[in-house]
Amino acid sequence: MSTPGPSAAPIPLHIVGEPPALPAPNVIGTSAGPDRRPAPAVRPGVVDWAALGVEPRWKGQETGDCAAVLSPVRGPATGLEPYKRYAAGARQRGETALVVACTGAGKRSHNVFSGTVAPGIHLPDHYGSISANPLPAGVSPELADGLDHAEHDLGTRLLNRPPDTWFRLTHLKDSGSSRPGAARMWPPPGEGELRPILVDGLGDPVAGVWVPAGGGARWFVVPHGTDQRLLVEWLVQHALPAYVPGALTRARSTLVRDPEFATDAEARLVETIAEEQRAHERRQTELQQQLAALRAVADPLRDGLVFGTGRALEDAVHDVLVAVGAAVTRLDDVFGTKSADLLAEYGGCRVLVEVKSANNRPPHSLPDKLLKHLNTWPGLTGTEPVDGGVLVVNHQIKLPPAQRDAEVYTDRAFADALTVPVIGSARLFDLWRREDWDAVRHVVFGDTGVAQTPDIAVPDADPKASGLPGLLSRLRR
């Protein structure tokens with residue numbers, strides 16, 4: 001026989017606004033005329049309060065014992081009795097005053113200083129207000145840094161089910177003028193901070209939480225049109241456990257349990273779960289550090305091969321050749337502009353490497369530059385014979401990589417007549433990122449007939465080893 005779980009009382013929430021009116025009965029033979037009243041802003045059936053374990057408290061109902069305030073349209077009127085009783089009750093219990101306020105509902109105005117402005121929300125006492133400027137369609141917000149668990153969850157929910165319009169939020173403080181003879185505000189303006197939860201592409205908050213300097217309150221500000229059920233679910237499942245756990249304790253909610261009354265088996269399992277979480281976080285930190293180390297080495301090379309010109313492109317080609325085990329000499333440091341950019345040696349094969357770039361399609365004259373260097377090479381002091389040369393070109397740089405031609409030269413007759421190999425730096429990048437060292441060696445040196453040495457061919461032998469991946473170790477050699 002199973003034992004029933006603890007009985008939980010519904011959690012009282014103050015919902016700002018009029019209680020929902022019952023739908024008018026449909027009378028046969030009548031139709032809606034011009035005097036028919038509009039549907040209420042919050043209609044029955046939008047939120048199943050009972051299923052969420054919530055008791056809504058509307059205008060005219062007791063708010064002093066409510067766990068939080070939800071304002072689906074705009075911030076609560078802090079000077080009216082419902083909010084004052086709620087705030088007094090939270091203060092008496094030593095709890096955080098928790099408010100979720102939607103901003104931006106109603107008629108918009110325009111002025112030369114602020115642009116288009118939608119109705120904002122007024123903060124309590126003398127803490128000022130939060131204004132809302134509608135943003136253009138197509139804004140793609142992202143999570144701000146430094147969020148706690150509840151804030152992160154709210155931001156993720158808003159991203160998954162965004163409102164129709166995003167608003168740029170600005171905290172406007174009440175200001176007391178310091179000019180001589182001006183009337184001073186008393187009490188003086190309160191200090192508070194609007195912390196972003198979601199930001200737009202310019203870094204401006206589009207959802208956030210306002211916190212007074214002394215703590216004691218959290219006003220979460222979200223755009224008008226946010227799904228009301230989303231907000232209620234988040235309040236009950238995340239905000240109350242994080243900020244007002246006492247309200248859940250009073251309701252005997254299963255979301256909060258006093259650890260002092262846990263059984264030994266429950267306590268052991270809770271500790272096991274916590275240790276698993278800590279181990280996961282440690283492992284994730286290690287992997288993130290490895291990823292950051294890889295990117296620190298790979299980013300300059302990747303950027304050079306795809307977008308680079310001049311020395312940046314030459315450096316990237318140099319690093320690719322080093323990664324496949326070649327010995328590379330920078331010829332500009334030895335002969336200046338009299339020779340090619342690089343001399344690469346591998347398996348007894350020595351080639352000159354000329355590196356060029358072109359904003360659009362490359363001119364047909366580029367291979368001639370490599371041929372000139374091959375002809376003048378024997379006359380340079382202290383040189384040994386080379387087996388040939390390779391031209392590496394980063395072409396059509398002005399175009400996005402996906403729109404560039406796959407081959408450097410698309411004129412087949414010209415390409416087939418070339419006497420030196422021409423390689424696109426984008427192709428070199430593709431071979432490098434896949435760690436296809438054999439293919440890189442083949443396009444640069446041809447068939448050398450040299451077996452791959454184990455220290456180059458074999459990455460980390462132990463797949464569980466904590467060392468860096470083979471690509472990073474090769475680039476750092």
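Along the sequence shown, residues are numbered consecutively beginning with 1.
Using a 30° and 60° split on the angle between ring planes, Phe414 and Tyr409 fall in the perpendicular class, above 60°. Aromatic ring orientation, Tyr346 versus Phe445: tilted (interplanar angle from 30° to 60°).
At a cut-off of 3.5 Å, with distance as the only test, no side-chain donor of Ser357 or Asn394 sits close to an acceptor on the other residue.
Across Gln284, Arg283, Gln277, a single residue satisfies side-chain hydrogen bond (donor to acceptor under 3.5 Å, both in side chains) together with Glu281, and that is Gln277.
Salt-bridge annotation for Arg350 and Asp387: absent, with no side-chain N of the basic residue lying under 4.0 Å from a carboxylate O of the acidic one. One finds a salt bridge joining Asp315 and Arg330 here, because a Lys/Arg side-chain nitrogen approaches an Asp/Glu carboxylate oxygen to under 4.0 Å. Salt bridge status for Arg282 with Glu275: present, with a side-chain N to carboxylate O gap under 4.0 Å. With salt bridges taken as basic N to acidic carboxylate O contacts below 4.0 Å, none links Lys372 and Asp368. No salt bridge links Arg278 with Glu276; every basic N to acidic carboxylate O contact stays at or beyond 4.0 Å. Remark: Glu354 does not engage Lys369 in a salt bridge, criterion side-chain N to carboxylate O under 4.0 Å.
Listed here is the closest heavy atom pair of Arg361 and Thr410: NE-OG1, 4.3 Å. Residues Val199 and Ala144 approach most closely at CG1-CB, 4.2 Å, considering heavy atoms. Contact between Tyr127 and Gly192 at its shortest, heavy atoms only, is CD2-N, 4.4 Å.
A donor-acceptor pair is defined here as one N or O able to donate and one able to accept, closer than 3.5 Å; such a pair exists between the side chain of Arg441 and the backbone of Val324.
Using a 4.5 Å heavy-atom threshold, the side chains of Arg302 and Asp299 count as touching.
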